[in-house]
Trainee: 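One structure is given below, represented as structure tokens, and several questions about it will come after.
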Number of protein chains: 2
Amino acid sequence: MTDGVTIGQAAAFAGITVKAVRHYHKHGLIDEPRRDNSGYRRYGSADLLRLVQIRTLAAAGVPLAEVGAILDADPDRFAAALVDVERRLNDRIDDLIARRETLRRLAAGDRALLPDSVLAKLDRVAADLDFTPDDVTMAREGLVLIRALVPEGFDDYVSRVESGLDDPRYVSLVKRLWGAAEWEPDDPRVDELATAMADYYLSHPALLPIPAGLRAGADGAIRYSLLAHHGEEQKPAWIRLRALFEARMRSAGIDIV
Amino acid sequence: MTDGVTIGQAAAFAGITVKAVRHYHKHGLIDEPRRDNSGYRRYGSADLLRLVQIRTLAAAGVPLAEVGAILDADPDRFAAALVDVERRLNDRIDDLIARRETLRRLAAGDRALLPDSVLAKLDRVAADLDFTPDDVTMAREGLVLIRALVPEGFDDYVSRVESGLDDPRYVSLVKRLWGAAEWEPDDPRVDELATAMADYYLSHPALLPIPAGLRAGADGAIRYSLLAHHGEEQKPAWIRLRALFEARMRSAGIDIV
DNA sequence: CGTGCACCCTGACCTAAGGTCAAGGTCAAT
DNA sequence: ATTGACCTTGACCTTAGGTCAGGGTGCACG
């Protein structure tokens, strides 16, 4: 009359693996049961119920180190612990739902990190200026960087650019700037464009594209540099364009970096 | 002109730890950046964007081993992978919500594992028979075991017991059975009760409490034994009661175990 | 009666996604 | 010149088990 079930049957009953049961033994969550005369563990009904309780708590995300204490607590503390477990489970669920939102935005590009209003503006501007999808991506990445590196200056920057876009001369410059992505670095138009941009910014100092906040603080130069170099790997003409533009500005007394 | 940010700044930007960034390097999720002349890593803007993408996928539960392939895939496969990731995330959310339900039932006892209709019946019976809370718990555990060990016979068992409860003689037997929990094992009433139970079951064979399905299959005897012994540690009189009852049944030609 | 197969035993090592610690180099400021 | 915050590598720790090795047990089939 071998009494009780073997570890495999107990595990199947509780919906877990044999190894998990032995793991629970090793960590003291459930006492070792009687052994039969060949050394096999033999589980009784109380063990099976205990295994189901352990599994239920573990599946709810309770660390095994706490499960034992919870199950052995008196009814009041047991109930309190369950309330706490449910709270933590709710937090995890809410967290995953938030991550799902972020993920959805990642699926539509890097829109995740920009406010919807800015994205709508970007889409309008992209249509006006005949941006390619790659251009839109790069512009978006630039905005993400600005927002991440200078959060307090981001809204200001967006509204400055937006008001600038009312001026046909500014629009024309931006168009030529993006067109320059396709130029060879030694194209003579690079020089012309750098001059035109410097002239424009010098006559509209409020429009200086990197807001003042960027250069405040110790690491301002680093931030500016990071931003200014963004995308240059893909657009060689921009490297020279930026150098020329900075030189023009510096010679006009505006020390950019 | 030290160009780029250090690992600590990059990690803060992406909302992760320095160690996580190094971990991503080791696993090839992001290339090692340039080092400055003191050996520090220097991250550029593209690296920062990559880190944010990695973090977003990892936070959605994508194993790091897959994150690299997803981010380096062409746009079509990238989009498909994100759809897949979102599906898995939804599964995890649904799973956690289900676990929360199970947990709530655990908080109210072991109700988790029984259908509501059965619980309602149990509550009514418990009120009729003046069960103590401990009695209710033990009865519930017995039902959980029956359901787990003989799932296909559970409904049948419940309806047999329910119809039996229409008979005052059966109700009286059940009351005495639970009352016996308090008796000493050598109480003469144990003998009386065993005889009365055997007589009753012999005249109502349809009521045999362990449904036929229990003894079907190779491990039927083990299952029965597990059930029959449940609770005996706490109720010594039941051990003798069960032995006497089984002997009476056997001598009437019904071989229980 | 032996052989295969499924199950059990222990113990040692492996996993993912980092965390922690040690021992030392670097940077900016005081 | 020293403090404190940051960086470097490398080795070990963590959770909740999974996998493998080497060996024992129980039962059915030929």
Side-chain angles (χ1 to χ4, degrees), chain A residues 1-30 32-43 47 51 54-69 88 92 95 99 217-222, chain B residues 1-30 32-43 47 51 54-69 88 92 95 99 217-222:
Chain A
M1 178 178 170
T2 55
D3 202 36
V5 300
T6 67
I7 194 170
Q9 294 171 297
F13 169 84
I16 57 184
T17 66
V18 168
K19 193 63 210 282
V21 176
R22 286 201 272 248
H23 192 64
Y24 298 158
H25 285 312
K26 187 145 48 185
H27 289 59
L29 294 182
I30 176 171
E32 287 277 356
R34 209 175 38 76
R35 305 290 182 122
D36 65 17
N37 42 17
S38 57
Y40 291 10
R41 291 173 181 85
R42 290 293 178 168
Y43 294 85
D47 298 318
L51 282 177
I54 294 172
R55 187 211 54 182
T56 302
L57 286 177
V62 181
L64 292 192
E66 294 171 28
V67 167
R88 286 190 285 178
R92 267 179 64 201
D95 187 51
R99 294 185 191 296
D219 51 355
I222 293 174
Chain B
M1 178 180 170
T2 54
D3 202 35
V5 299
T6 66
I7 195 169
Q9 295 171 296
F13 169 84
I16 57 183
T17 66
V18 169
K19 192 64 208 283
V21 176
R22 287 201 271 250
H23 193 64
Y24 297 159
H25 286 312
K26 188 145 45 186
H27 289 54
L29 294 182
I30 177 173
E32 286 277 356
R34 213 173 36 76
R35 304 292 183 117
D36 67 15
N37 42 17
S38 56
Y40 289 12
R41 292 176 181 85
R42 289 294 179 169
Y43 294 84
D47 299 317
L51 282 177
I54 293 171
R55 186 211 54 182
T56 302
L57 286 176
V62 181
L64 292 193
E66 294 171 29
V67 167
R88 285 190 286 178
R92 268 180 62 202
D95 186 51
R99 294 186 189 297
D219 52 353
I222 294 174

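The model shown is predicted, which means the values in this text are computed figures rather than measured ones. Chain letters run A, B, ... following the sequence lines, proteins first and then strands; every chain starts at 1.
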Trainee: Report the distance from atom CD1 of B:I30 to atom C1' of C:dA17, rounded to the nearest whole Å.
Mentor: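 Those two atoms, CD1 and C1', are 17 Å apart.
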Trainee: If you measure from CZ on B:R55 to CG on B:L57, what distance do you get to the nearest 0.5 Å?
Mentor: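 Reported value, rounded in 0.5 Å steps: 10.5 Å.
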Trainee: Scan nucleotides 23-26 of chain C against the protein and return all N/O pairs shorter than 3.5 Å with their distances rounded to 0.1 Å.
Mentor:
| residue | atom | partner | partner atom | Å |
| --- | --- | --- | --- | --- |
| C:dG25 | N2 | B:Y40 | OH | 2.7 |
| C:dT26 | O4' | B:Y40 | OH | 3.1 |

Trainee: Take B:I7 and B:Y43 through the side chain to side chain contact (heavy atoms under 4.5 Å, CB included) test and state the conclusion after the steps.
Mentor: CA-CA 7 Å; B:I7 195 169; B:Y43 294 84; 3.6 Å; yes
Trainee: Using a cut-off of strictly less than 4.0 Å between a heavy atom of the residue and any atom of DNA chain C, enumerate the qualifying residues of residues 18-27 of chain A by number.
Mentor: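 The answer is A:K19, A:R22.
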Trainee: What's the spacing between A:I16 CD1 and A:I54 CD1 if we round to 0.5 Å?
Mentor: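 Reported value, rounded in 0.5 Å steps: 7.0 Å.
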Trainee: On a heavy-atom basis, which atom in B:A59 and which in A:R99 lie closest, and how many Å separate them?
Mentor: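 Shortest heavy-atom contact: O-CD, 2.6 Å.
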Trainee: Could you give the distance from CZ (B:R41) to CD (B:Q9), rounded to the nearest 0.5 Å?
Mentor: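 If we round to the nearest 0.5 Å, B:R41:CZ and B:Q9:CD are 14.5 Å apart.
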Trainee: Once rounded to the nearest 0.5 Å, what's the spacing between atom CD of B:E32 and atom CZ of B:R22?
Mentor: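 Reported value, rounded in 0.5 Å steps: 10.0 Å.
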Trainee: Is A:T6 near enough to C:dC7 that one of its side-chain N or O atoms lies under 4.0 angstrom from OP1 or OP2?
Mentor: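 Result: no.
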Trainee: Which heavy atom in B:D47 sits nearest to a heavy atom in B:I30, and how many Å separate them?
Mentor: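 Closest heavy-atom pair between B:D47 and B:I30: O-CD1, 3.7 Å.
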Trainee: For the side chain of A:R35, starting at C-beta, report the closest nucleotide among C:dT10, C:dC7, C:dA17.
Mentor: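 Shortest atom-to-atom distance from the side chain points to C:dT10.
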Trainee: Could you give the distance from NE2 (A:H23) to CG (A:L29), rounded to the nearest 0.5 Å?
Mentor: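 Output value for this atom pair is 8.0 Å.
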Trainee: Taking the side chain as every heavy atom from C-beta outward, state whether B:F13 and B:L51 have any pair of such atoms under 4.5 Å apart.
Mentor: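 B:F13 does not reach B:L51 side chain to side chain.
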Trainee: Distance under 4.0 Å to a non-hydrogen atom of chain A counts as contact; along DNA chain D, which nucleotides mark the start and end?
Mentor: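 First and last nucleotides in contact are D:dA16 to D:dG26.
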Trainee: Which pair of non-hydrogen atoms, one from A:R88 and one from A:P63, has the smallest distance, and what is that distance?
Mentor: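 Heavy atoms only, the tightest pair is NH1-CD, 4.4 Å.
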